[in-house]
Amino acid sequence: MIRINSLRLPLDYNDNTLKKKAAKELRVSENAIERVSLFRRSIDARNKNDIHYTAAVDVYLKVNENSVISKSKSNKAHITKPFEYQIPESKNLNYRPVIIGFGPAGMFAGLILAEAGANPIIIERGSDCDTRVEDINSFIKTGILNTESNIQFGEGGAGTFSDGKLNTGTKDFRARKVLIEFVNHGAPEEILYNAKPHIGTDNLRYVVKNIRKHIIKLGGEVHFNTKFVGYKAKNNKITAAVINKNGSESLIETDNIILAIGHSSRDTLKLLYESDIIMEQKPFSVGARIEHLREKIDKSMYGEYAGDERLGSAPYKLSVHTKNGRGAYTFCMCPGGEVMPASSEEGMVCTNGMSEFSRRAVNSNSALLVSVYPEDFNDSSPLSGIEYQRKIEKAAFKLGCGEYKAPVQRVEDFLKNNKTSALGEVIPSYKRGYEFSKMDSFLPDYVTESMREAIITMNKYLDGFSHPDAILTGAETRSSSPVRILRNKDNLQSVSLEGLYPCGEGAGYAGGIVSAAVDGIKCAEKILT
């Protein structure tokens, strides 16, 4: 197989276009090509009068590849092999491995272990997808929060109620395995080649259910509404997981526990800390969601091409370094999406972004975040970052009249530090309701100072970002875990306890769906080999 990089494609390309482009680059006849498939495709919108795709394609030839490469002298083409992931051959395990959490890390750890015949037992504190949807809808309607089944906890983890973004900075080859498995279980095939792939929350709910069913079919177990409440150990080695279901505790004998708890399992982190599992503070970010009219963002990004169905709704990614030395950036951008109530503890308000695959909602939103560091916590405890988050979320809750309404502020008012009194063209999408407030009422001064500078600077790169009627909705505090559970680099086990594998976002080793899933695969491989 020959891969050709950096091919320019028109928006209306088709299979014949791919074949013609490949034949020209390789200097062969089209008849010499068996087939061409997309490997990577990105939108090049730098010139808004000439928006096109830049692609990498895989070419399968009927003739000798080495000879073609030699004669073509193309600096864009090279011979490569189709991707193949080999499931590790399992050693003899004394007990079935236990996985705590069924987010991306736990799900893919479970999938690999199940495919290897290790019959994993997966424990998830939240509910299955269908029940979880009901619980979240009930919370939005009534304001009664289920602290075990919400945006953060349940089948698929926090990512299930997001945009399902799969773009990642990891170069690990296992990322391809993640994408392929998502497609195998119902995700759109385009995630295999789009440079900024997304599944959409509507598709992701079905995909994670299909993966769960596949794990069970292979001999694994998935237990919902079941909480990890401790472990047993002997000679500093795991001997059992302690679980609680419906108020009744029981043991699962095991010598391997993958701890894929997610970034919001604050009580579990406290339990582990009090059990002398070594962990440390880590930097994270806080801020608010910022919303604009989707059509205006599309226009700013794509000019006259805005609205073209081939392009879809426009994503953006912006970052600046502010004068006070902090980084400010957009995160988890949801084109054509909505801001969701993402609380998991009573008396606290936090938000997240979500969009369906079509991305056709009225607003586009993104987190606007500012970096915070351990020295900001004023406490040496590894859990002090959690308390930092809680303080912000509690203050936001009070501003929302204690009903899980979110504090909102127009950007113009935010830049002038005035409380908003009336909305403009952008209506907040936060369905639980909102109250006019000031971001400065719940965020530290150094955060709001950085956000103001960032909004003005980012407008230079994305016209309209500082639009007066754009809406800020707070608080956004769960971008990543504030804690890292220390593990050995070679075997990925906790430095404190043999057989315990801190894994994914919650343990501080990932930053998104794909990277968390990859980390889950790595931990599974270590158990198997």
Main-chain N/O of G400 paired to E435 side chain as donor or acceptor, under 3.5 Å: no
Under a 3.5 Å distance rule, please check whether Q409 uses its side chain to pair with a backbone N or O of M439 as donor and acceptor. yes
Strictly by modelled atom types, are S344 and N150 linked by a side-chain donor-acceptor pair under 3.5 Å? no
Looking at E412, I want to see if its CD is surrounded by more than 12 non-hydrogen atoms of other residues, nucleotides or ligands under 6.0 Å. yes
Do the side chain of K299 and the main chain of G307 share a donor and acceptor less than 3.5 angstrom apart? no
With distance as the sole test, does Q152 use its side chain to make a donor-acceptor pair with the main-chain N or O of S343 at under 3.5 Å? no
Whether R125 and D267 form a salt bridge (side-chain N of Lys/Arg under 4.0 Å from carboxylate O of Asp/Glu) is what I want to check. yes
How about C334 and M354: do any of their side-chain heavy atoms sit closer than 4.5 Å? no
Lys/Arg N to Asp/Glu carboxylate O, K296 vs E425, below 4.0 Å: yes
Polar side-chain atom of D202 near backbone of F357 as donor-acceptor pair, under 3.5 Å: yes
Hey, are the side chains of D135 and S127 touching, using non-hydrogen atoms and a 4.5 Å cut-off? yes
Taking everything shown except K391 itself, do over 12 heavy atoms lie less than 6.0 Å from its NZ? no
Has N47 got more than 12 heavy atoms of other residues, nucleotides or ligands less than 6.0 Å from its CG? yes
Sub-4.5 Å side-chain heavy-atom contact between V370 and M451: yes
Across all chains, not counting sequence neighbours, the ring-ring contact (aromatic ring centres under 6.0 Å, His included) partners of H292 are F465
Are any of the side-chain nitrogens in R478 or E393 under 4.0 Å away from the carboxylate oxygens of its partner? yes
Working for side-chain contact (heavy atoms from CB on, under 4.5 Å), residues I51 and D44: CA-CA 6 Å; I51 295 179; D44 188 336; over 6 Å; no
What I'd like to find out is whether the side chain of F436 reaches to under 4.5 Å of the side chain of L423, using heavy atoms alone. yes
Hey, are the side chains of H185 and K209 touching, using non-hydrogen atoms and a 4.5 Å cut-off? no
Do K431 and E338 have side chains that get closer than 4.5 Å, going by heavy atoms? yes
Establish, from distance only, whether the side-chain atoms of E505 and S480 form a donor-acceptor pair under 3.5 Å. no
Please determine if R487 forms a cation-pi arrangement with Y509, meaning its NZ or CZ atom is less than 6.0 Å from the six-membered ring centre and no more than 45° off the ring axis. yes
Measure up the Y329 and F331 rings against each other and bin them: parallel (under 30°), tilted (30 to 60°), perpendicular (over 60°). perpendicular
Under 3.5 Å, is there a donor-acceptor pair between the side chain of T351 and the main chain of A475? yes
Salt-bridge contact D298-R359 (side-chain N to carboxylate O under 4.0 Å): no
Ignoring hydrogens and angles, tell me if any N or O in the side chain of N244 forms a donor-acceptor pair with the backbone of K227 under 3.5 Å. no
Backbone N or O of G200 within a donor-acceptor pair of the H198 side chain at under 3.5 Å? no
Just wondering, are more than 12 heavy atoms of other shown residues or ligands nearer than 6.0 Å to CD in E375? yes
Taking salt bridge (charged side-chain N to carboxylate O under 4.0 Å, His left out) as the criterion, tell me which of K419, R452, K416 meets it with D440. R452
When the aromatic ring centroids of F377 and F284 are compared, is their separation below 6.0 Å? yes
Heavy atoms from other residues, nucleotides or ligands near OH of Y373 exceed 12 (cutoff 6.0 Å): yes
Indicate yes or no for a side-chain donor-acceptor contact from D376 to the backbone of V372 under 3.5 Å, with no hydrogens or angles considered. no
Please determine whether the number of non-hydrogen atoms from other residues, nucleotides or ligands lying under 6.0 Å from atom NZ of K245 exceeds 12. yes
Is it the case that the side chains of N225 and E148 hold a donor-acceptor pair, with the cut-off being a distance below 3.5 Å and no angle test? no
Any donor and acceptor pair, going by atom type alone, linking the side chain of T147 with main-chain N or O of E345 inside 3.5 Å? no
Given Y404, which of Y430, Y434, F139 fulfils the ring-ring contact (aromatic ring centres under 6.0 Å, His included) condition? F139
Please collect all side-chain hydrogen bond (donor to acceptor under 3.5 Å, both in side chains) contacts where either partner lies in residues 380-389, sequence neighbours excluded, each pair once. R266-Q389, Q281-S384, E387-R390, Y388-Y446
Are a donor atom and an acceptor atom from the side chains of E190 and N194 found within less than 3.5 Å of each other? yes
E280, CD: over 12 other non-hydrogen atoms inside 6.0 angstrom: yes
I'd like to know whether the aromatic ring centres of Y193 and Y53 sit less than 6.0 Å apart in this structure. no
Would you tell me whether T131 and D128 have side-chain atoms, one donor and one acceptor, within less than 3.5 Å of each other? yes
